[in-house]
There are 2 protein chains.
Amino acid sequence: MRESQAAEARPYHHGDLRRALIDAASRVLESEGPSALSLRAVAREAGVSPAAPYHHFKDKTELLEAVAHEGWTLLDAALAAAKAKAPSAAEAMNELGVAYVCFARENPALYRVMYDTARDREDLPDEMQGDKDSAYCKVRDTLVDAGADPTEALDIELATTAAWCSAHGLAEMAGFKQFQHLKDACGGERAFFKAVFQHMGLVPKHLAD
Amino acid sequence: MRESQAAEARPYHHGDLRRALIDAASRVLESEGPSALSLRAVAREAGVSPAAPYHHFKDKTELLEAVAHEGWTLLDAALAAAKAKAPSAAEAMNELGVAYVCFARENPALYRVMYDTARDREDLPDEMQGDKDSAYCKVRDTLVDAGADPTEALDIELATTAAWCSAHGLAEMAGFKQFQHLKDACGGERAFFKAVFQHMGLVPKHLAD
DNA sequence: AAAGATATCTTGACGACGTTCAGATCAATG
DNA sequence: CATTGATCTGAACGTCGTCAAGATATCTTT
């Protein structure tokens, strides 16, 4: 779970190049976009030679996966915060959805790396669906709290999947120009997200506010 | 002179290299995947020099957009066929959704190119939302036929957007390994898609079968 | 039919990329 | 203090996107 954090686990040559490379990659990603995220650019940003990363990552892919890992952790934190501040379970589902899409909108390049690597492996990372308090379980538990029948196991899994897919779909499309007039009509982006979620089966309709 | 296919609009040097390049790109995409789709590989597949494509496309991006255009046309046809064979308007929404996701599953590389180019431009292509019988309008009309109030213009737009985003989200996630056990539990992939759609707000619940 | 204009394609080159490998450098161990 | 092994550099290879210059085929004009 917890990788090296402070500069004491890896008192190596550079200090902690692995960490430095991930940070450099995030910096390049944010300032130059996903298309500029080359291994050489990351090495340049970190101040090392183009071959240096290969002592910490097998591949460019492996570096991207580390960056994505960082992203899933951030997303998880954002969802946890959203769930914590929701007044009711029914509203928590909407809050989760809005927080999810907002995260994607605020970190578009990172979000893209997260799902690009996932699709390449046809596999979602463990942070999302692995242990007890993964993001997936967070959504599922919220659904149960909102009134879903906990004895209908398959149904709950399907509803959780539906919610996740819906949020992901909106997250990927939210940036398209075509939706600008809808955002305006709704009175802002967040309001637009909320409105779209109202039309998705996120939570049983009679529970929605 | 040998004619490759029904092309009289461009009796040029090669016959119709533009068309040949798009076809070659589709072939490469299908057999080698999106990561192998380089301009040079396409030119190789078409039997021309690496610089030849630049007389028909400004960019690699422009070639990819042409390939994507092809994809949107195919998707549109698939949706039209699904809508045509649906017995009722309410079922038509489910049929549309399933057809959409099945298309993405059967042409994963193409589907990825379609949305990658769209996201790069932050713009969906005209084929999807442009004129009267675009795919977007097809979904919206189906919604109205299924009982949505046609006087609530904003609501209908939002519902259409919600449906599209939901379908796209499921289409992108459908390949993930995590969902295999759900597909098995539902008795196949199509059944899984239908079941997930049941949990999305695709169509007013009282109308769903 | 000849000739000039124009569109198409090839050749060759440039810089950037991912990756590898031999060698240099530095931290820790015995 | 010498050895070892991990860490980093430098140079190289093949591939990529792209461009400029030249060759070649088609179209137009006479």
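Naming convention: chains lettered A, B, ... in sequence-line order (proteins, then strands); numbering from 1 in each chain. On a predicted model such as this, the values are computed, not experimentally measured, just so you know.
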Student: What residue pairs, at least two apart or across chains, pass ring-ring contact (aromatic ring centres under 6.0 Å, His included) with a residue in residues 18-55 of chain B?
Tutor: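 Non-adjacent pairs meeting ring-ring contact (aromatic ring centres under 6.0 Å, His included): zero.
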Student: Listed by chain and number, what are the ring pair (Phe, Tyr, Trp, His ring centres under 6.0 Å) partners of B:Y100, not counting sequence neighbours?
Tutor: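 Counting only residues at least two positions away or on another chain, B:Y100 forms a ring pair (Phe, Tyr, Trp, His ring centres under 6.0 Å) with B:Y111, B:W164.
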Student: Calculate the interatomic distance between B:K58 atom NZ and D:dT18 atom P; express it in whole Å.
Tutor: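 From B:K58 NZ to D:dT18 P: 8 Å.
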Student: Taking the side chain from A:K183 and the backbone from A:A174, do they hold a donor-acceptor pair closer than 3.5 Å?
Tutor: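 Flag set: sc A:K183 to bb A:A174 pair under 3.5 Å.
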Student: For C:dC9 and B:H56 - does any side-chain N or O of the residue sit under 4.0 Å from the phosphate oxygens OP1/OP2?
Tutor: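 Checking B:H56 against C:dC9: at least one side-chain N or O falls below 4.0 Å of OP1 or OP2.
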Student: Do B:K83 and B:T142 pass the side chain to side chain contact (heavy atoms under 4.5 Å, CB included) test, and can you show the C-alpha distance, the side-chain angles, and the key distance before you say yes or no?
Tutor: CA-CA 8 Å; B:K83 179 167 182 178; B:T142 305; 3.0 Å; yes
Student: For A:H55 and B:P50, take the nucleotide of DNA chain D holding the closest heavy atom to each; which residue's nucleotide lies nearer the 5' end?
Tutor: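 Its nearest nucleotide being more 5', the pick is A:H55.
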Student: If you take all heavy atoms of A:F57 and A:R18, which pair is closest and at what distance?
Tutor: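 Heavy atoms only, the tightest pair is CE2-NH1, 3.3 Å.
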Student: Please tell me which of the listed nucleotides, C:dC9, D:dT9, C:dT11, lies nearest to the side chain of B:A51?
Tutor: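 Taking heavy atoms from C-beta onward, the closest nucleotide is C:dT11.
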Student: Taking for each residue the nucleotide of DNA chain C with the nearest heavy atom, is it B:A52 or A:T61 whose nucleotide lies nearer the 5' end?
Tutor: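 The residue closer to the strand's 5' end, by nearest nucleotide, is B:A52.
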Student: In residues 110-117 of chain B, what residues come within less than 4.0 Å of DNA chain D, judged by heavy atoms?
Tutor: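 Per residue number, the list is empty: none.
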Student: Take the protein atom CZ of A:F57 and the nucleotide atom P of C:dT19, then report the distance between them rounded to whole Å.
Tutor: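 Distance check: A:F57 CZ to C:dT19 P gives 13 Å.
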Student: If you measure from NE2 on B:H69 to CE on B:M114, what distance do you get to the nearest 0.5 Å?
Tutor: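 B:H69 atom NE2 to B:M114 atom CE measures 11.0 Å (nearest 0.5 Å).
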Student: Could you state the atom-to-atom distance from CG of B:D59 to P of D:dG17 in whole Å?
Tutor: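 Spelled out: CG on B:D59 to P on D:dG17 is 11 Å.
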Student: Rounded to the nearest Å, what distance is computed from the CD atom of residue B:E62 to the C1' atom of nucleotide D:dT18?
Tutor: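 Rounded to the whole Å, the gap is 14 Å.
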Student: Go through the structure and list residues passing side-chain hydrogen bond (donor to acceptor under 3.5 Å, both in side chains) with B:Q129, not counting sequence neighbours.
Tutor: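 Per chain and number, B:Q129 pairs via side-chain hydrogen bond (donor to acceptor under 3.5 Å, both in side chains) with no residue.
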Student: Could you go through nucleotides 13-16 of chain D and list every protein N or O atom that sits under 3.5 Å from one of its N or O atoms, giving the distance for each pair?
Tutor:
residue, atom, partner, partner atom, Å
D:dC16, OP1, B:S38, OG, 3.3
D:dC16, OP2, B:R44, NH2, 2.7

Student: In whole Å, I'd like the distance from the CZ atom of A:R18 to the P atom of D:dC8.
Tutor: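 Spelled out: CZ on A:R18 to P on D:dC8 is 13 Å.
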Student: Taking distance alone, no hydrogens or angles, what donor-acceptor pairs closer than 3.5 Å link side-chain atoms of residues 31-46 of chain A to residues at least two apart or in another chain?
Tutor:
residue, atom, partner, partner atom, Å
A:S31, OG, A:R27, O, 3.0
A:S38, OG, A:A41, N, 3.0
A:E45, OE2, A:R27, NH1, 2.5

Student: D:dT18 C1' sits how many Å from B:Y54 OH, rounded?
Tutor: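 Those two atoms, OH and C1', are 4 Å apart.
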Student: Could you go step by step and tell me if B:D120 and B:L64 meet the side chain to side chain contact (heavy atoms under 4.5 Å, CB included) rule?
Tutor: CA-CA 11 Å; B:D120 283 342; B:L64 291 190; over 6 Å; no
